[in-house]
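The basis for the numbers below is simple: all heavy atoms, side chains too, and nothing from hydrogens, waters or symmetry mates. A quick note: this is a predicted structure, and the numbers were derived from the prediction, not measured.
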Amino acid sequence: MVDNRYATALVIGSVLSLLATVYLSVAMGTQHWYQYHSQPASNDANNGSDLQTLRQDFEGEDVDERIYSIALFRLNGTLGLWWRCILVPQDSHWFKEPDPIMVTKCQAFTLPQQWESKYRSPGNINSGEDLLRTYLWKCQFLLPLVSVGLVFLSALIGVCACLCRSITPTLFVGLLHLLAGLCSLATVCCFLAGMHLIHEISELPEGMDYSPGWSLFLALVSSPLQIMAAALFIWAARSHRQHYTRMTAYRVA
């Protein structure tokens, strides 16, 4: 039999866990982790041709880090864990129009691109591998998947605990949520560190501005929600166990 206080803690923890999972899942699937704001391009044929070539290269499957980074910098791009997007004119002859219609073009990172090595000079194999950026990039891809996986594993354990009418496994559920929260926080840290490093070694266009996007903040919010859920689960499990121990000792006495 579970006390009302413990049951309330479990319900609140479950709601927090569900919210955190939804937030993190939305963040993983959207491209607004980082956004760039560049100066409007001049309406001349040469510049239009350069940007058109850049756009075509950006949409290629085998594009390297240097090419898509330049496109993000110059074409008001947005970057996520799995997506990269740029803002381009709908008409390829945009430089002939005073006010072209702008559309968003997105390209998903392929699995080989997620695992490819990063170099000291982006896109230049001869410059040598940058191990720090390589591992940061791989961690920002793997850690959110690990976080969501831990939450689903804890949900499965929670269902089994309910079927067995036992609150003891809730302690393990809380520990899994704690690890999930740390993985979510580490994802954000790895992403921001990686962006800082790429900005340091890249030639940024004059007048360009950049800032974190709402997807990053969703992932950031999911971490404390998971940690709070973990605290509630652990408290409920430990308190119920202590209460059960005292009741057993009283009956024996």
Peer 1: Output all residues satisfying side chain to side chain donor-acceptor pair (under 3.5 Å) with Trp137, sequence neighbours left out; order by chain, then residue number.
Peer 2: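 Residues passing side chain to side chain donor-acceptor pair (under 3.5 Å) with Trp137: Gln114.
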Peer 1: Can you check side chain to side chain donor-acceptor pair (under 3.5 Å) on Glu129 and Ser117, steps first, answer last?
Peer 2: CA-CA 7 Å; Glu129 184 178 0; Ser117 300; 3.2 Å; yes
Peer 1: Quick one: which residue pairs count as a salt bridge (Lys or Arg N to Asp or Glu O under 4.0 Å) with a foot in residues 193-211, not counting sequence neighbours?
Peer 2: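 Matches after skipping sequence neighbours: none remain.
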Peer 1: Applying side chain to side chain donor-acceptor pair (under 3.5 Å), can you list everything that pairs with Ser184, at least two apart in sequence or on another chain?
Peer 2: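 Testing Ser184 for side chain to side chain donor-acceptor pair (under 3.5 Å), a comparison that skips the adjacent residues, returns Ser147, Gln226.
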Peer 1: Please name the pair of heavy atoms, one in Tyr210 and one in Leu204, separated by the smallest distance, quoted to 0.1 Å.
Peer 2: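 For Tyr210 versus Leu204, the nearest heavy atoms are CE2-CD1, 4.0 Å.
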Peer 1: Show the nearest heavy-atom pair for residues Leu171 and Ala237, with the distance to one decimal.
Peer 2: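 Taking every non-hydrogen atom into account, N-CB, 3.4 Å.
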Peer 1: Once you round to the nearest 0.5 Å, how far does CG of Leu178 lie from SG of Cys183?
Peer 2: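 Between atom CG of Leu178 and atom SG of Cys183 there are 9.5 Å.
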Peer 1: Any side-chain heavy-atom pair from Leu81 and Phe141 closer than 4.5 angstrom?
Peer 2: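 Not touching, per the 4.5 Å side-chain cut-off.
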Peer 1: Please walk me through it: do Phe172 and Ile157 pass side chain to side chain contact (heavy atoms under 4.5 Å, CB included)?
Peer 2: CA-CA 8 Å; Phe172 189 55; Ile157 294 175; 3.2 Å; yes
Peer 1: What's the spacing between Gln31 CD and Leu79 CG if we round to 0.5 Å?
Peer 2: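 Reported to 0.5 Å precision, the distance equals 9.5 Å.
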Peer 1: Where do Ala108 and Arg84 come nearest, in terms of heavy atoms and distance?
Peer 2: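 Where Ala108 meets Arg84 most closely, the heavy atoms are O-NH1, 4.0 Å.
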Peer 1: Indicate yes or no: at least one non-hydrogen side-chain atom of Leu179 is less than 4.5 angstrom from one of Leu175.
Peer 2: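 Result no, sub-4.5 Å side-chain heavy-atom pair not found.
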Peer 1: Is the closest side-chain heavy-atom distance between Pro122 and Asp64 below 4.5 Å?
Peer 2: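 Result no, sub-4.5 Å side-chain heavy-atom pair not found.
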Peer 1: Do Trp82 and Thr110 have side-chain heavy atoms sitting under 4.5 Å apart?
Peer 2: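 Contact flag for Trp82/Thr110 side chains = no.
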Peer 1: For Leu132, what are the other residues in its hydrophobic cluster, where any two members join if their side-chain heavy atoms are less than 4.5 angstrom apart?
Peer 2: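 Besides Leu132, the cluster holds Leu136, Leu197.
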Peer 1: Can you see which heavy atom on Ala219 is nearest to which on Trp33, and at what distance?
Peer 2: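 In this case the closest contact between Ala219 and Trp33 is CB-CH2, 3.5 Å.
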Peer 1: Taking the hydrophobic residues Ile, Leu, Val, Met, Phe, Trp and Tyr, and joining any pair whose side-chain heavy atoms are under 4.5 Å apart, which ones share a cluster with Leu131?
Peer 2: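 Noted: Leu131 shares its cluster with Tyr135.
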Peer 1: Do the ring centers of His32 and Phe217 come within less than 6.0 Å of each other?
Peer 2: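 Not close enough - the centres of the two rings lie 6.0 Å or further apart.
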Peer 1: Considering residues at least two apart in sequence or located in another chain, which fulfil the side chain to side chain donor-acceptor pair (under 3.5 Å) criterion with Ser202?
Peer 2: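 Ser202 satisfies side chain to side chain donor-acceptor pair (under 3.5 Å) with no other residue.
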Peer 1: Are Leu150 and Met228 joined in one hydrophobic group, where the rule is that I, L, V, M, F, W and Y side chains link up if heavy atoms are under 4.5 Å apart?
Peer 2: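 Leu150 and Met228: separate clusters.
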Peer 1: Please walk me through it: do Thr170 and Phe233 pass side chain to side chain contact (heavy atoms under 4.5 Å, CB included)?
Peer 2: CA-CA 6 Å; Thr170 308; Phe233 289 138; 3.8 Å; yes
Peer 1: Are any of the side-chain heavy atoms of Ile86 and Leu72 separated by less than 4.5 Å?
Peer 2: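 The answer is yes, as the side chains (C-beta and beyond) meet within the 4.5 Å cut-off.
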Peer 1: Can you pull the salt bridge (Lys or Arg N to Asp or Glu O under 4.0 Å) pairs that have at least one residue in residues 132-143, sequence neighbours excluded?
Peer 2: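 Listed once each, the pairs are Glu65-Arg133, Asp130-Arg133.
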Peer 1: Between Leu192 and Leu216, is any pair of side-chain heavy atoms under 4.5 Å apart?
Peer 2: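 A side-chain contact under 4.5 Å exists here.
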Peer 1: May I ask you to check whether Gln140 and Thr187 show a side-chain donor-acceptor distance below 3.5 Å?
Peer 2: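 Result is no, nothing qualifies.
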Peer 1: Are the side chains of Ser38 and Leu75 in contact, using a 4.5 Å heavy-atom criterion?
Peer 2: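 Leu75 does not reach Ser38 side chain to side chain.
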Peer 1: Could you list the residues that satisfy salt bridge (Lys or Arg N to Asp or Glu O under 4.0 Å) with Glu116, not counting sequence neighbours?
Peer 2: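 So Glu116 forms a salt bridge (Lys or Arg N to Asp or Glu O under 4.0 Å) with Lys118.
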Peer 1: Quick one: do Leu220 and Met195 end up in the same hydrophobic cluster if we chain Ile, Leu, Val, Met, Phe, Trp and Tyr together by side-chain heavy atoms under 4.5 Å apart?
Peer 2: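 Linked, Leu220 and Met195 end up in one cluster.
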Peer 1: For residues Ile227 and Gly181, report the shortest heavy-atom separation together with the two atoms involved.
Peer 2: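 Minimum heavy-atom separation between Ile227 and Gly181: CG1-CA, 4.2 Å.
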Peer 1: Are the ring centres of Tyr68 and Phe109 closer than 6.0 Å?
Peer 2: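 Ring centres of Phe109 and Tyr68 closer than 6.0 Å.
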Peer 1: Can you label the angle between the Tyr34 ring and the His199 ring as parallel, tilted or perpendicular, going by 30° and 60°?
Peer 2: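 Rings of Tyr34 and His199: tilted, as their planes differ by 30° to 60°.
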Peer 1: Checking Ile70 now: which residues fulfil side-chain contact (heavy atoms from CB on, under 4.5 Å) with it, not counting sequence neighbours?
Peer 2: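 Scan of Ile70 (side-chain contact (heavy atoms from CB on, under 4.5 Å), adjacent residues dropped) gives Leu54, Arg66, Arg74.
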Peer 1: Can you hop from Leu145 to Leu185 via hydrophobic side chains spaced under 4.5 Å?
Peer 2: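 Yes; Leu185 is reachable from Leu145 via cluster members.
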Peer 1: Considering residues at least two apart in sequence or located in another chain, which fulfil the side chain to side chain donor-acceptor pair (under 3.5 Å) criterion with Ser215?
Peer 2: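 Counting only residues at least two positions away or on another chain, Ser215 forms a side chain to side chain donor-acceptor pair (under 3.5 Å) with Thr30.
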Peer 1: Out of curiosity, does Phe191 fall in the hydrophobic cluster containing Phe73 (side-chain heavy atoms, cut-off under 4.5 Å, transitive links)?
Peer 2: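 Yes, because Phe73 and Phe191 connect within a single hydrophobic cluster, where side-chain heavy atoms sit under 4.5 Å apart.
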Peer 1: What is the distance from atom CD1 of Ile201 to atom OG of Ser121, rounded to the nearest 0.5 Å?
Peer 2: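 The OG atom of Ser121 is 7.0 Å from CD1 of Ile201, to the nearest 0.5 Å.
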Peer 1: Is Trp115 linked to Leu143 within one hydrophobic cluster, defined over Ile, Leu, Val, Met, Phe, Trp and Tyr using a side-chain heavy-atom separation of less than 4.5 Å?
Peer 2: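 No, Trp115 does not connect to Leu143 through the hydrophobic network.
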Peer 1: Kindly write out the residues that satisfy side-chain contact (heavy atoms from CB on, under 4.5 Å) with Thr104, not counting sequence neighbours, or none if the list is empty.
Peer 2: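 Testing Thr104 for side-chain contact (heavy atoms from CB on, under 4.5 Å), a comparison that skips the adjacent residues, returns Cys85, Leu87, Cys106.
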Peer 1: Show me the side-chain donor-acceptor pairs of residues 15-27 shorter than 3.5 Å, one per line, residues at least two apart or across chains.
Peer 2:
| residue | atom | partner | partner atom | Å |
| --- | --- | --- | --- | --- |
| Ser17 | OG | His177 | NE2 | 2.6 |
| Thr21 | OG1 | Ser17 | O | 2.8 |
| Ser25 | OG | Thr21 | O | 2.7 |

Peer 1: List the atom of His37, the atom of Ser211, and the distance in Å for their closest heavy-atom pair.
Peer 2: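 That closest heavy-atom pairing would be NE2-OG, 4.4 Å.
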